[in-house]
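Data first, discussion second: the structure below is written as structure tokens.
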Amino acid sequence: MDVDFIFRIAGIGVIVTIIGQLLTRAGRDDIAMLATLSGLLVVLMMVAGQISSFFSSIRSLFSL
């Protein structure tokens, strides 16, 4: 896992936070919640890919 991956997650977090705050102040709380959930899903998909890569490298390490 690179530092670049952590910066990507942090960048997504900052962008989603700004969008959520702007939408909340505009009175669009429902859309702000959807934006937050979509950001969370994107990050979870990125982490799932890294976990999958980790398990495949462990599997190849032990030749299973």
Are there over 12 heavy-atom neighbours, none belonging to Met33, within less than 6.0 Å of that residue's CE?
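Open: at most 12 neighbouring heavy atoms sit under 6.0 Å from CE of Met33.
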Exercise: identify the closest heavy-atom pair between [X] and [Y]:
X: Gly39; Y: Ile12; value: O-CG2, 4.2 Å
X: Gly20; Y: Ala32; value: O-CB, 3.7 Å
X: Phe5; Y: Gln50; value: CZ-CG, 3.4 Å

Assigning hydrophobic clusters by single linkage (Ile, Leu, Val, Met, Phe, Trp, Tyr; side-chain heavy-atom cutoff under 4.5 Å), is [X] placed with [Y]?
X: Ile19; Y: Val42; answer: no
X: Ile51; Y: Val43; answer: yes
X: Phe55; Y: Leu44; answer: no
X: Ile31; Y: Ile15; answer: yes

Just by distance, do the side chain of Ser52 and the backbone of Ala48 share a donor-acceptor pair under 3.5 Å?
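No, because the side chain of Ser52 does not come within donor-acceptor range (under 3.5 Å) of the backbone of Ala48.
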To the nearest 0.5 Å, tell me how far Ile58 CD1 sits from Ser53 OG.
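The CD1 atom of Ile58 sits 10.0 Å away from the OG atom of Ser53.
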Apply the hydrophobic cluster definition, ILVMFWY joined by side-chain contacts under 4.5 Å directly or through others, and give me every member besides Ile18.
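Traced through the cluster, Ile18 reaches Val14, Leu22.
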For residues 5-34, which residue pairs qualify under side chain to side chain donor-acceptor pair (under 3.5 Å), counting only residues two or more places apart or in two chains?
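Non-adjacent pairs meeting side chain to side chain donor-acceptor pair (under 3.5 Å): Asp4-Arg8.
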Using side-chain heavy atoms (C-beta onward) and a distance below 4.5 Å, is Ile9 in contact with Val47?
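Side chain of Ile9 against side chain of Val47, heavy atoms only: contact under 4.5 Å found.
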Keeping to residues at least two apart or across chains, list the salt bridge (Lys or Arg N to Asp or Glu O under 4.0 Å) pairs with something in residues 36-58.
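The answer is none; no pair qualifies.
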